[in-house]
Number of protein chains: 2
Amino acid sequence: MPPAMDPGNTPEDKQVENDGAETAKVKTLADLGRIAGVTAGTVSRALAGSELVSKRTRERILALASEHGFQLNQIASKLRSKRTGMIGVVIPLGHERSQHISDPFFMTLLGHLADEITERGYSIVLERAIPEEKPDWLDRICGSGMVDGVILIGQSDQFETIERVAATYRPLVAWGSYHVGQRHCAVGTDNRAGGALAARRLLAGGSKRLAFLGETTGVEIAERFAGVRDVAEQVGASLLHLPCHMSFELMTGELEGLLTQQGERFDGIVAASDLIAMTALKILHGQGKQVPSDVQVIGYDDLPLATQTMPPLTTIRQDISGGAREIVQRLQSAIAGGDIASLVMAPSLIERETTRRSA
Amino acid sequence: MPPAMDPGNTPEDKQVENDGAETAKVKTLADLGRIAGVTAGTVSRALAGSELVSKRTRERILALASEHGFQLNQIASKLRSKRTGMIGVVIPLGHERSQHISDPFFMTLLGHLADEITERGYSIVLERAIPEEKPDWLDRICGSGMVDGVILIGQSDQFETIERVAATYRPLVAWGSYHVGQRHCAVGTDNRAGGALAARRLLAGGSKRLAFLGETTGVEIAERFAGVRDVAEQVGASLLHLPCHMSFELMTGELEGLLTQQGERFDGIVAASDLIAMTALKILHGQGKQVPSDVQVIGYDDLPLATQTMPPLTTIRQDISGGAREIVQRLQSAIAGGDIASLVMAPSLIERETTRRSA
DNA sequence: CGGAAAAATTCAATCGATTGCATAAATATC
DNA sequence: GATATTTATGCAATCGATTGAATTTTTCCG
């Protein structure tokens with residue numbers, strides 16, 4: 001019985017076939033072909049827009065497809081065509097289990113990657129890997145057949161593993177450091193140069209005793225520290241290393257302790273991240289120290305929140321969205337079979353108000 | 001020619017078979033079966049740990065598998081078994097194209113979801129949907145056959161679409177508002193109650209003229225505003241709505257304008273998010289206004305960064321990790337065929353230092 | 001040692017879309 | 001109007017793992 005007072009044809013009205021029989025949902029190409037009076041092969045070509053099928057049938061099939069809300073089974077499609085259209089994005093939580101996946105730098109990078117990847121018509125398979133628990137984490141992901149390529153958000157302390165896998169698996173790009181001779185493609189900034197940039201700025205602003213805030217277990221942070229050390233040694237300034245975790249929750253308590261105990265031993269801070277810098281600002285403020293007149297502070301990353309600290313944070317900028325674009329570009333060309341080279345971008349100093357005007 | 005001075009057997013040395021022939025990589029169950037002298041079927045069962053295959057062969061196959069670094073083709077496996085082991089996590093960017101995927105609240109939720117999902121042995125397919133461009137965004141994801149279930153991080157302005165899809169697609173859970181009678185399962189906090197909580201706290205602290213910061217295009221924010229309005233009307237306090245974008249980059253300029261122009265018309269602020277509150281704090285500070293003595297400020301969400309503002313932010317807490325757990329739990333039971341109910345959690349007030357001690 | 005029962009393995013169909021090749025239908029050419 | 005040519009569609013193998021049923025091998029017991 002047709003509905004008596006149907007208020008117009010809404011798109012939802014499609015469970016009853018016009019021949020009067022209730023039809024099961026059209027799930028496969030064969031189902032759709034049966035309705036259209038052709039075989040699955042033809043339907044497949046029609047949906048792909050192939051010129052091999054006549055315009056008339058193609059349009060008929062397309063109409064039927066949308067009428068029945070037909071959806072191609074992606075799994076079957078991917079199996080046959082051997083192109084998954086998916087890219088694995090992996091966050092290795094190596095040296096710091098506690099480093100939660102929601103680390104703002106990684107998340108910002110992930111956001112930009114997501115934009116780039118989506119715009120190129122790929123999907124994202126997000127993986128959170130804990131190498132300590134599964135040493136074959138990267139092999140699993142690369143060999144699963146699920147993804148056309150893999151992006152690593154950071155190398156953590158897994159340099160060796162990445163090198164090993166990259167020897168045979170090509171479509172792999174990591175955000176992170178580049179070392180001469182390495183096999184895997186890395187896109188990142190020159191962390192040593194960034195550290196040096198920060199140190200020089202502090203010295204130019206009149207600081208004599210530097211402190212570096214953040215643990216150096218990860219390669220990238222270690223290099224930032226090395227950059228600071230290079231400059232400090234060169235000019236004979238003192239340098240204090242105050243290791244703390246990268247995660248918001250853990251660093252606060254640690255830093256409170258460290259900055260109070262060691263408070264007299266520095267007058268210029270390079271923080272391993274903007275987050276650390278922000279926390280340090282807060283603590284220094286609580287101690288009644290003036291920034292930048294008593295202590296200068298420089299952050300690292302230039303996340304959006306660096307503009308919102310009080311005072312606004314001077315920081316070493318990494319071009320995250322540019323980096324994301326380069327990563328995806330390289331990955332795509334590797335997937336296409338090309339050879340890809342690493343990229344080391346130059347960091348830049350963003351001067352705000354936690355450093356003193358230089359002489 | 002064998003390497004002359006191989007320094008021990010590294011795990012990489014496995015491209016040469018012991019029968020002397022260079023063997024191609026073992027890619028399929030059949031390949032592995034050939035080596036082990038059994039059929040693909042047996043290998044399949046062996047790898048699955050089935051009791052149907054004898055312990056001896058099972059162990060032999062397992063050994064060969066790890067020796068050759070065999071990886072099951074997940075696509076084929078998923079096609080056959082009709083269980084993908086993947087969960088779609090979708091961020092609908094509806095009412096605010098500019099609302100970047102890296103919104104800290106969503107990212108924090110995503111982080112917790114990722115933890116929960118990974119721990120239950122699922123993978124994550126991350127999708128960034130722009131409903132304005134593709135009205136069938138949700139149908140595509142649900143019907144793709146790629147995922148066993150779908151989680152929506154926020155409902156944006158897509159309530160209707162979600163309801164329509166949820167009518168036939170059951171394993172779907174959204175973070176967001178619940179309205180009596182809705183079909184889809186939502187997990188979220190009571191935003192109206194949260195808004196009311198904030199407003200009452202401001203009034204108790206002595207504010208008489210309230211302002212709400214943030215645009216109300218999304219349901220959830222609209223409800224927070226409604227909660228504030230309820231209370232304001234009840235006690236006859238004035239309420240000013242100052243709409244601004246949710247994204248860090250855009251809100252700053254907008255708020256600077258608004259807070260300067262309308263600065264005399266309020267002495268208590270409810271911000272739609274901690275981010276907005278943080279930005280407001282910064283601007284108020286620049287205007288020389290004291291928080292909380294001149295103006296009280298309450299944020300929303302209780303993100304980790306709320307503890308790091310100056311002064312530390314009083315805010316309405318949403319239990320993000322608890323919410324993530326509930327979402328995944330519900331989704332999993334829906335995947336198993338169960339019926340699931342929505343959950344409205346109570347928000348709570350976290351008192352820090354941007355509100356005055358109440359009388 | 002023979003035959004039944006139990007255990008281990010093989011066989012073959014299946015999941016659903018894709019695609020080269022074969023065939024049928026429509027159009028062109030003389 | 002008959003043949004050559006183009007165009008459209010059907011057919012069937014394929015991607016690789018899974019699984020019920022069939023078959024082979026092993027074990028058990030009188």
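Per chain, numbering begins at 1; letters A, B, ... match sequence-line order.
Using a 4.0 Å cut-off between charged nitrogen and carboxylate oxygen, A/R164 and A/E160 do not count as a salt-bridge pair. We find that A/E116 and A/R120 are joined by a salt bridge, their nearest charged nitrogen and carboxylate oxygen being less than 4.0 Å apart.
The side chain of B/S81 contributes no N or O atom lying less than 4.0 Å from OP1 or OP2 of D/dT19. In terms of phosphate contacts, B/K27 brings no side-chain nitrogen or oxygen within less than 4.0 Å of OP1 or OP2 of D/dC15. Residue A/K82 places at least one side-chain N or O closer than 4.0 Å to OP1 or OP2 of D/dG16. Phosphate contact (OP1/OP2 of C/dT18, side-chain N/O of A/S77, threshold under 4.0 Å): present. Within the structure, a side-chain polar atom (N or O) of B/T39 is placed less than 4.0 Å from OP1 or OP2 of C/dT10.
A donor N or O paired with an acceptor N or O is not found under 3.5 Å between the base of D/dG16 and the side-chain atoms of A/R80. No hydrogens or angles were tested; on distance alone, a donor-acceptor pair under 3.5 Å links the side chain of B/R45 to the base of C/dT10.
At a threshold of 4.0 angstrom between heavy atoms, the contacts of B/I75 with the nucleic acid are absent. Across all strands shown, B/G37 has heavy atoms under 4.0 Å from sugar-phosphate atoms exclusively, and none from any base. Within 4.0 Å (heavy atoms only), A/S54 reaches sugar-phosphate atoms of the nucleic acid but no base atom.
In this structure, of D/dG10, D/dG16, D/dT18, it is D/dT18 that holds the atom nearest to the side chain of B/S44. Here the nucleotide nearest the side chain of B/L72, chosen from C/dA17, C/dG16, D/dT18, is D/dT18.
Note: CG (B/L29) to P (D/dT19) measures 12 Å, nearest angstrom. Counting to the nearest Å, the P atom of C/dA6 and the CG atom of B/L52 are 15 Å from each other. Atom CZ of A/R58 is separated from atom P of D/dT7 by 13 Å (rounded to the nearest Å). One interatomic measurement links the two molecules: CZ of A/R34 to P of C/dA17, which rounds to 11 Å at whole-angstrom precision. Distance, B/I61 CD1 to C/dA8 P: 13 Å, rounded to whole Å. Atom CD in B/Q74 sits roughly 11 Å away from atom C1' in D/dG16 (whole-Å rounding). For B/L79 and C/dA17, the CG to C1' distance is 9 Å, given to the nearest whole Å. For the pair A/R83 CZ and C/dT19 C1', the interatomic distance rounds to 16 Å; values are reported in whole Å.
Under a 3.5 Å cut-off, the side chain of B/D148 and the backbone N or O of B/G85 do form a donor-acceptor pair.
Taking 4.5 Å as the limit, some side-chain heavy atom of B/L47 sits within range of a side-chain heavy atom of B/L29.
With the nearest nucleotide of DNA chain D identified for both A/G41 and A/E51, A/E51 has the one nearer the 5' end.
A pairwise comparison of heavy atoms in B/H184 and B/A174 identifies CD2-CB, 4.0 Å as the closest pair.
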Could you walk me through whether A/D136 and A/R140 satisfy the salt bridge (charged side-chain N to carboxylate O under 4.0 Å, His left out) test, starting with their C-alpha distance in whole Å, then the side-chain angles of each, then the deciding distance to 0.1 Å, before giving a yes or no?
CA-CA 6 Å; A/D136 61 341; A/R140 293 171 91 95; 3.3 Å; yes
